[in-house]
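Computed over heavy atoms, backbone and side chain alike; hydrogens, waters and symmetry mates excluded. Here the structure is a predicted model, which means the values were calculated and not measured.
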Amino acid sequence: MKYLKVCSFMCLLIVTLNCSTNDQENNNNLNEFSSLDNCPELPIGATSVYWEYGKGTPIPLSEIPVLKNPQASFSYSNSNGAFAPLILTPPQGYTAIDYTNPNSNPFGVNVIRNDGAAVWRYVPSSTYPANFSETNILNIEVNNVTNAFGFNGNYKILCEATPNIFNENGVVRIVKARMIEFNNTRALVLIAAVYLESLFTVNVSHVVAAGPISEYDNLVMDIFLPLHFQLYPTGGSPLSDRDNDGTPDIFDSDPDDPRVQ
């Protein structure tokens, strides 16, 4: 099986956002996939695939995931001038709405199943005070998810990733992820916090993908991954990586130098 090199959600935060969908079937068979992380409670199969995808690890897709049942496109109504318009095609049975949070001034979208039991959220930009650590921010975003589902107890952690830290020229970027379960719901929460020495705020990006535990693998393959792949620019290919550094050319600041991503 051919492996597609794809990047984590962080790679998708700096691109022009467009979509393309069709009605082909998703033929990826990932039932036996297991994460290399020491997380014995993380289920094998699509859940582990999605966990690795979020961390930026190449995953064994034989073809690009696409929505089977797209509906009319959604465009974020209050586009931040620093970003191109956010355009997505949600699946039928879901509603796409602007994501709002008065505490973090976000730019992003919620794609919510009509029964409220599943949600995919993509937020390329929000702000927090600079003294908030990446752990503080991840905890807040996890609590936002559990609260939205009406749960305020102790959730179960299936896996938590070691932070991925980039530090150069006064810019610190930290990516952190956690997979949890609560009240028959499974959720992946990922955050990327960018700290600049000269600023009093931290820019935060995050993705949330939550749904019923019994349906989660199907949601990953049929809904969550296809939505992520819509974020690649039209005409761009997630398969192209000519310097073989693991970062696709369309997201690589120097696509011909493997030392630079």
Are any non-hydrogen side-chain atoms of [X] and [Y] less than 4.5 angstrom apart?
| X | Y | value |
| --- | --- | --- |
| Val109 | Val111 | yes |
| Leu225 | Met221 | yes |
| Val208 | Asn144 | no |
| Leu188 | Leu190 | yes |
| Asp37 | Lys55 | yes |
| Val66 | Phe229 | no |

Considering all heavy atoms of both residues, which atom of [X] and which atom of [Y] are nearest to each other, and what is their separation?
| X | Y | answer |
| --- | --- | --- |
| Trp51 | Met179 | CZ3-N, 3.5 Å |
| Val49 | Ile59 | O-CG2, 3.6 Å |
| Ala117 | Pro212 | O-CD, 3.3 Å |
| Ala46 | Val220 | O-CG1, 3.7 Å |
| Gly93 | Gln71 | N-NE2, 4.4 Å |
| Pro43 | Arg186 | CG-NH2, 3.5 Å |

Near [X] [atom1], under 6.0 Å, is it more than 12 heavy atoms from other residues, nucleotides or ligands?
| X | atom1 | answer |
| --- | --- | --- |
| Asn131 | CG | yes |
| Asn136 | CG | yes |
| Asn147 | CG | yes |

query: Is the centre of the Tyr122 ring less than 6.0 Å from the centre of the His228 ring?
result: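 Centroid separation for Tyr122 and His228: 6.0 Å or greater.
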- prompt: Between Phe224 and Tyr216, does the ring centre distance come in under 6.0 Å?
  reply: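 Yes, close enough.
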query: Asn203 and Ser125: side-chain donor and acceptor closer than 3.5 Å?
result: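 Checked: Asn203/Ser125 side chains pair up, N/O donor to acceptor below 3.5 Å.
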Pair Val194-Val172, side-chain contact (heavy atoms from CB on, under 4.5 Å): steps then yes or no: CA-CA 6 Å; Val194 178; Val172 178; over 6 Å; no
Are the charged groups of [X] and [Y] less than 4.0 angstrom apart, N to O?
| X | Y | value |
| --- | --- | --- |
| Lys176 | Glu160 | yes |
| Glu41 | Lys156 | yes |
| Glu134 | Arg173 | no |

How many angstroms lie between [atom1] in [X] and [atom2] in [Y], if you round to the nearest 0.5 Å?
| X | Y | atom1 | atom2 | value |
| --- | --- | --- | --- | --- |
| Leu67 | Leu227 | CG | CG | 5.5 Å |
| Arg113 | Thr95 | CZ | OG1 | 12.0 Å |
| Phe107 | Thr127 | CZ | OG1 | 14.0 Å |
| Leu30 | Ser48 | CG | OG | 10.5 Å |
| Leu138 | Ile174 | CG | CD1 | 11.5 Å |
| Ile140 | Asn101 | CD1 | CG | 9.5 Å |

Test side-chain contact (heavy atoms from CB on, under 4.5 Å) applied to Val175 and Phe166, step by step: CA-CA 9 Å; Val175 180; Phe166 169 87; over 6 Å; no
Do [X] and [Y] share a hydrophobic cluster (ILVMFWY, side-chain heavy atoms under 4.5 Å, transitive)?
| X | Y | answer |
| --- | --- | --- |
| Ile64 | Leu219 | yes |
| Tyr195 | Ile165 | yes |
| Val142 | Ile213 | no |
| Ile157 | Phe151 | yes |

message: Checking Val119 against Phe149 for the side-chain contact (heavy atoms from CB on, under 4.5 Å) test, could you report, in this order, the C-alpha distance in whole Å, the side-chain angles of both residues, the deciding distance, and whether it holds?
response: CA-CA 10 Å; Val119 61; Phe149 279 84; 4.0 Å; yes
- prompt: In terms of the angle between their ring planes, are Tyr53 and Tyr50 parallel, tilted or perpendicular, with boundaries placed at 30° and 60°?
  reply: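 Parallel.
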Any donor-acceptor pair under 3.5 Å from [X] side chain to [Y] backbone:
| X | Y | result |
| --- | --- | --- |
| Asp217 | Thr47 | yes |
| Ser75 | Ile87 | no |
| Asn110 | Ile112 | no |

message: Within 45 degrees of the ring normal and closer than 6.0 Å to the centroid, is that where the cationic atom of Arg121 sits relative to Tyr99?
response: yes
task: Give the C-alpha distance, both sets of side-chain angles, the deciding distance and a yes or no for side-chain contact (heavy atoms from CB on, under 4.5 Å) between Trp120 and Leu88.
output: CA-CA 12 Å; Trp120 181 85; Leu88 285 171; 3.6 Å; yes
